[in-house]
S.K.: 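The structure under discussion is supplied below as structure tokens; questions concerning it will follow.
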Amino acid sequence: MNIYRLYLSFAILLFSNVCSAQNPIIQTKFTADPAPLVYKDTVFLYMSHDEDDAFGFKMQNWLLYTSTDLVNWTDHGEVASLKDFKWVPYDNGAWAPQCVARNGKFYLYCPMPNGVGIGVLVADSPYGPFKDPIGKPLIKNSTDDIDPTVLIDDDGQAYLYWGNPNLYYVKLNEDMVSYSGEIIKDASIAKVKEQADRFHYQEGPWAFKRGKHYYMAYASTCCPEGIGYAMSDSPAGPWEYKGSIMDGDRRSSGNHPGIIDYKGKSYVFGFNYAISKKLYSRHSERRSVCLAELTYNPDGTIQKLPFWSESGVKQLGTLNPYKRVEAETIAYSEGLKTNEAVEWENDSPWNKGRKIAERTFVSSINNGDYIKVRGADFSQGTSSIVVSVAPLYSGKIEIHTDKIDGPLVGTIVIDASGEGDKWRTVTTPVKSIKGVHDLFFVFYGKNDLFNFDWWQFNK
Ligand code: FUB
């Protein structure tokens, strides 16, 4: 084999690996501190957000993604920000949140480091808007006040835990925005320190109950951080160290668990630095959330996982391509960003008129970038596709099935002439597709081609 062919087969191997990757689950932004909430049939994934130009922590808001199959994730943009807390004195410090549902309301617990405190926001919907009901920190106890997690016990008593490097807890009142009794510094987690040696409690607690067991998963022993866990017979502890869910790994100085059961399986979320490392040589806090399936033993203990795999988890069910699918519903992508915009009745900056729509859409589309969507069920065949785009420059979208260079189903031509960057729909005939297929939307043209809002196949 000559050197050119060797290089080519290596490049193809590398590319096909990237195209089959599922971890990190979000590629358009840097995300960290995953806090999943299962509500009705959907996983709502609240996360903190590392800015694209972060070196140390640069975190100003919290993001929301949703999924019903755990491989295609829909971006809902910023769900809350430091600006929602009038008492927060800075614009950098939106650390690890958690959202819990109770009595039809959604409570987002948000820590602001360096002794500023833990705040709480409330909404009537998991999508927000979230408002600060108390106008002050819910917890302002010490400089350990970060990383809140909430457990609601079967008797309705809610517990708020938090802290780095110590674990604290307090009983929340039923309103979820105030507490009763003393803040307790948990002594047993310090014991975990002795028992666990290498994998003791550092931060990022994630409290939950499963069957009769209470669990406290956590980011262990910085640095590198792994994911450890302790168990108890009571929400108030004492906690007994049970093992490592994932050992720390030199590839990731941090980690941070979020654990759920969903559709009969169990999952752990956390993060690595894979995308940042691919793009930049210098270490920076630009993290990326990952996901793995978790297995419990019959006695409730948890089987240890290897470090985050690139392949991620299996899709649960299929995606319906005959319903409008937001373009920011993505299993994997390269080169793209997402953006949010409010559309007003009038173009004039002085009199904008009514708010017509709020959109999240795919942006920064350049030649060769692609979106991969997993497992669309085409059992009813296809005749055409409609896309909603706002062209900046003319270009085209090729739709391939199963591989980035798999069968070409159709080519959508986007013409930038006419109404400039106004949103419009373009309908294009496509070849007949049957069965379940992954889709690749591959973009061609000059630079910053168009913004892409949604797509939908016609039978
Ligand atoms: O993301 C900021 C902080 O880093 C979190 O609050 C910690 O858990 C660590 O992940």
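Both ligands and their constituent atoms are indexed starting at 1 by order of listing. It should be emphasised that the depicted structure is a prediction, and the values quoted were computed from it without experimental measurement.
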S.K.: How are the rings of Tyr169 and Tyr159 set relative to one another: parallel (under 30°), tilted (30 to 60°) or perpendicular (over 60°)?
M.R.: tilted

S.K.: Among protein heavy atoms, which lies nearest atom 9 (C) of ligand 1, and at what distance?
M.R.: Glu203 OE2, 3.5 Å

S.K.: Can you name the atoms of ligand 1, numbered from 1 with element, that are less than 4.0 Å from a heavy atom of Ala96?
M.R.: 6 (O)

S.K.: Is the shortest N/O to N/O distance between Trp95 and ligand 1 below 3.5 Å?
M.R.: no

S.K.: Which ligand 1 atoms, with their elements, are less than 4.0 angstrom from a heavy-atom of Phe57?
M.R.: 2 (C), 4 (O)

S.K.: Should the pair Asp154-Lys209 be classified as a salt bridge under the 4.0 Å nitrogen-to-oxygen rule?
M.R.: yes

S.K.: Kindly give the heavy-atom pair with the smallest separation between Lys446 and Leu449, and that separation in Å.
M.R.: N-CD2, 3.2 Å

S.K.: So, do Tyr127 and Phe44 have ring centers that fall under 6.0 Å from each other?
M.R.: yes

S.K.: I'd like to know if Asp75 pairs up with Lys29 as an ion pair, taking the criterion as any Lys NZ or Arg NE/NH1/NH2 lying under 4.0 Å from an Asp or Glu carboxylate oxygen.
M.R.: yes

S.K.: Is there any N or O on His256 that sits under 3.5 Å from an N or O of ligand 1?
M.R.: yes

S.K.: Mark up the atoms of ligand 1 that fall under 4.0 Å of a heavy atom belonging to Met59, in ascending order.
M.R.: 1 (O), 2 (C)

S.K.: So if I count the atoms of ligand 1 from 1 in the order they appear, which ones are less than 4.0 Å from some heavy atom of Phe271?
M.R.: 10 (O)

S.K.: Tell me the protein heavy atom at minimum distance from atom 4 (O) of ligand 1, and give that distance in Å.
M.R.: Arg287 NH1, 3.4 Å

S.K.: For Leu121, is there any backbone N or O sitting under 3.5 Å from a side-chain donor or acceptor partner on Asp132?
M.R.: no

S.K.: So, do Asn164 and Gln202 sit near enough that their side-chain heavy atoms are less than 4.5 Å apart?
M.R.: yes

S.K.: Could an N or O of ligand 1 be found under 3.5 Å from any N or O of Asn255, whether backbone or side chain?
M.R.: no

S.K.: Would you say ligand 1 has an N or O under 3.5 Å from any N or O of Glu225?
M.R.: no

S.K.: Starting from atom 1 (O) of ligand 1, what is the nearest protein heavy atom, named by residue and atom, and what distance separates them?
M.R.: Asp33 OD2, 2.5 Å

S.K.: Just to confirm my output: which protein heavy-atom neighbour is closest to atom 6 (O) of ligand 1, and how far is it?
M.R.: Asp147 OD1, 2.5 Å

S.K.: Kindly assign one of parallel, tilted or perpendicular to the pair Trp455 and Phe441, based on the angle between their ring planes and the thresholds 30° and 60°.
M.R.: tilted

